[in-house]
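What follows is a set of notes on a single structure, which appears directly below.
These numbers were taken from a predicted model, which means no experiment stands behind them. Sequence lines set the chain letters: A, B, ... in the order given, protein chains first and strands last, and positions in each chain run from 1.
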2 protein chains.
Amino acid sequence: MKEGPDIAHVAALIGDPARANMLTALMSGKALTVSELAEEAGVTIQTASSHLSKLDGGGLLRPRKQGRHKYFSLANDDVAHVLEGLMGLAAGSGRLRKRTGPKDAALRQARVCYNHLAGDMGTQMFDSLIAQGHLSLDGDDLNLTRSGQAFVTELGIDLAELRKNKSPLCRECLDWSERRSHLAGSLGRAFLSRFEGLSWARRDQKTRVISFSANGTTEFERLFSVG
Amino acid sequence: MKEGPDIAHVAALIGDPARANMLTALMSGKALTVSELAEEAGVTIQTASSHLSKLDGGGLLRPRKQGRHKYFSLANDDVAHVLEGLMGLAAGSGRLRKRTGPKDAALRQARVCYNHLAGDMGTQMFDSLIAQGHLSLDGDDLNLTRSGQAFVTELGIDLAELRKNKSPLCRECLDWSERRSHLAGSLGRAFLSRFEGLSWARRDQKTRVISFSANGTTEFERLFSVG
DNA sequence: TTCATAGTTCGACCTTAATCGAAGCATTCG
DNA sequence: CGAATGCTTCGATTAAGGTCGAACTATGAA
């Protein structure tokens, strides 16, 4: 009857509260087990199992079996991107699930979005990389320039290793709180991982909040000042 | 219980087949009446009315009353953006509602996406504008450069008029068939409108397909060659 | 092997919401 | 003022699917 793909099915998958909670939890980038996701969603394990098989069937998840555990993560960046978009719409229509509190402020400043840095600091880093000419945007392709390659290598990131990964190196991801782009893709993940390795930042396991140390903040500002 | 906005509610709104059909129909950018949308969705007018009030309540639509008609259009570009993203996910998981046929090929080449040009020609135009330096991307802000201003004025687009509009001038929109960006925002709409004014292109009323005339194709290639 | 833990499948219950007929407003036209 | 058209509201029906208890499978540990 209509042209185009069947939106309704995918949207309905995300539209159930329990499943939405699971997907939101997976936005942290971590792979979680069925039991953990059941806990997150506030349902029993049977119910969670049923939901997860549906999400998987819809192509939204990537399952991995390890021993007697089964880990789920988001299928790819596209899924994370759509979820962020939906968060933006929900936030825009004044539908925040929680009052804006101190934790919320922390979330807006720096949080994990599918394993990369999001929030205010995420967009600041992205803008700075563009402004310094380390990233260039041609069409939808985000590319690391020669100066950018030097920059990340200087920071201690192994580019050759990253390129072995089949997923794209650079990618932009729209932030629901800032409504601006931040850096995703394997390089985005490498940045955050490096910040952790340098003890500049630390992830809170439950809330997606990223805390920067005093030193980390200084270094971050030095590298990614917008002035 | 969880941080972040309430995704589930918005997704559930899109997740109903009838509502998804209506939203898909509105992706053409046209404002449609309740009766027309009922027809599109294949439900009675009462049912459509109920759905539309829900979509409106969720902030997805912008209603306008005109005489005894009530017109609905998508609330803003963000909504269109999320819908395109969902189409991408659905298409990716092999969930096309329709076999790939001749009309489908036409859709991939050039179609209307919320009043601007999408499909292969849409992304080609976007890439060309970037490559020619008429558009520049700083962070998530897409800007028209000085040369770009000259370019569109030369084409016969009234920039001053566009700037009066409160919606953003330039904006990128992700294409579900191409998986690349094309130009949205009021300038994107102006381009398509100008193509129609010059009789280069013509919209099919029902299928979202845009047909370019022989002359229009030539002119388009001249302006937006990628070489 | 026996026990424990992780996950899946099955079946029954039950809430939610999509649907449409019928009646009620509102607006336009003659 | 009717009459017609476009849309909304109400109510009853019905279908879909989320939920969990219980039983079952699989992996790992003692």
Any salt bridge (charged side-chain N to carboxylate O under 4.0 Å, His left out) pairs touching residues 54-76 of chain A, not counting sequence neighbours?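 Non-adjacent pairs meeting salt bridge (charged side-chain N to carboxylate O under 4.0 Å, His left out): zero.
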Can you tell me if the side-chain N/O atoms of [X] get under 4.0 Å from OP1 or OP2 in [N]?
| X | N | value |
| --- | --- | --- |
| Lys70(A) | dT8(C) | yes |
| Lys54(B) | dA18(C) | yes |
| Thr47(B) | dC20(C) | yes |

[X] has an atom [atom1]; how far is it from atom [atom2] of [N], in whole Å?
| X | N | atom1 | atom2 | value |
| --- | --- | --- | --- | --- |
| Glu39(A) | dG7(C) | CD | C1' | 17 Å |
| Phe72(B) | dC7(D) | CZ | P | 9 Å |
| Lys65(B) | dT8(D) | NZ | C1' | 10 Å |
| Leu52(A) | dA6(C) | CG | P | 16 Å |
| Leu55(A) | dG17(D) | CG | P | 14 Å |
| Arg68(B) | dT8(D) | CZ | P | 14 Å |
| Arg64(B) | dT27(C) | CZ | C1' | 19 Å |
| Leu37(A) | dG7(C) | CG | P | 9 Å |

Identify whether any heavy atom of Thr33(A) sits under 4.0 Å from a base atom; if not, whether one sits that close to sugar-phosphate; answer base, sugar-phosphate or nothing.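 Sugar-phosphate only.
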Base, sugar-phosphate or nothing for Ala18(A)? Non-hydrogen atoms, less than 4.0 Å.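 The answer is sugar-phosphate, as Ala18(A) gets under 4.0 Å only of primed atoms, P, OP1 or OP2.
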Quick check on salt bridge (Lys or Arg N to Asp or Glu O under 4.0 Å): which of Arg189(A), Arg202(A), Arg203(A) does Glu196(A) satisfy it with?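 Result: among Arg189(A), Arg202(A), Arg203(A), Arg203(A) is the only option passing the salt bridge (Lys or Arg N to Asp or Glu O under 4.0 Å) with Glu196(A).
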Of the non-hydrogen atoms in Leu183(B) and Phe126(B), which two are nearest, and what is the gap between them?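 Shortest heavy-atom contact: N-CD1, 3.5 Å.
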Hey, which of these two, Gln66(B) or Ala12(B), hits DNA chain C nearer its 5' end, going by closest nucleotide?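 Nearest nucleotide further toward 5': that of Ala12(B).
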Between Gly67(B) and Ser53(A), which has a closest nucleotide on DNA chain C that is more 5'?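 The 5'-side residue here is Ser53(A).
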Polar side chain donor-acceptor pair, Thr47(B) to Thr44(B), under 3.5 angstrom: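 Present: a donor and an acceptor within the cut-off.
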State which of [options] makes the closest approach to the side chain of [X].
| X | options | result |
| --- | --- | --- |
| Gln46(A) | dG7(C), dT9(D), dA22(D) | dA22(D) |
| His51(B) | dA18(C), dG6(D), dA6(C) | dA18(C) |
| His69(A) | dG7(C), dT9(C), dG6(D) | dG7(C) |

Side-chain ion pair, Arg171(A) and Asp78(A), N-O less than 4.0 Å: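 The answer is yes: the pair qualifies as a salt bridge.
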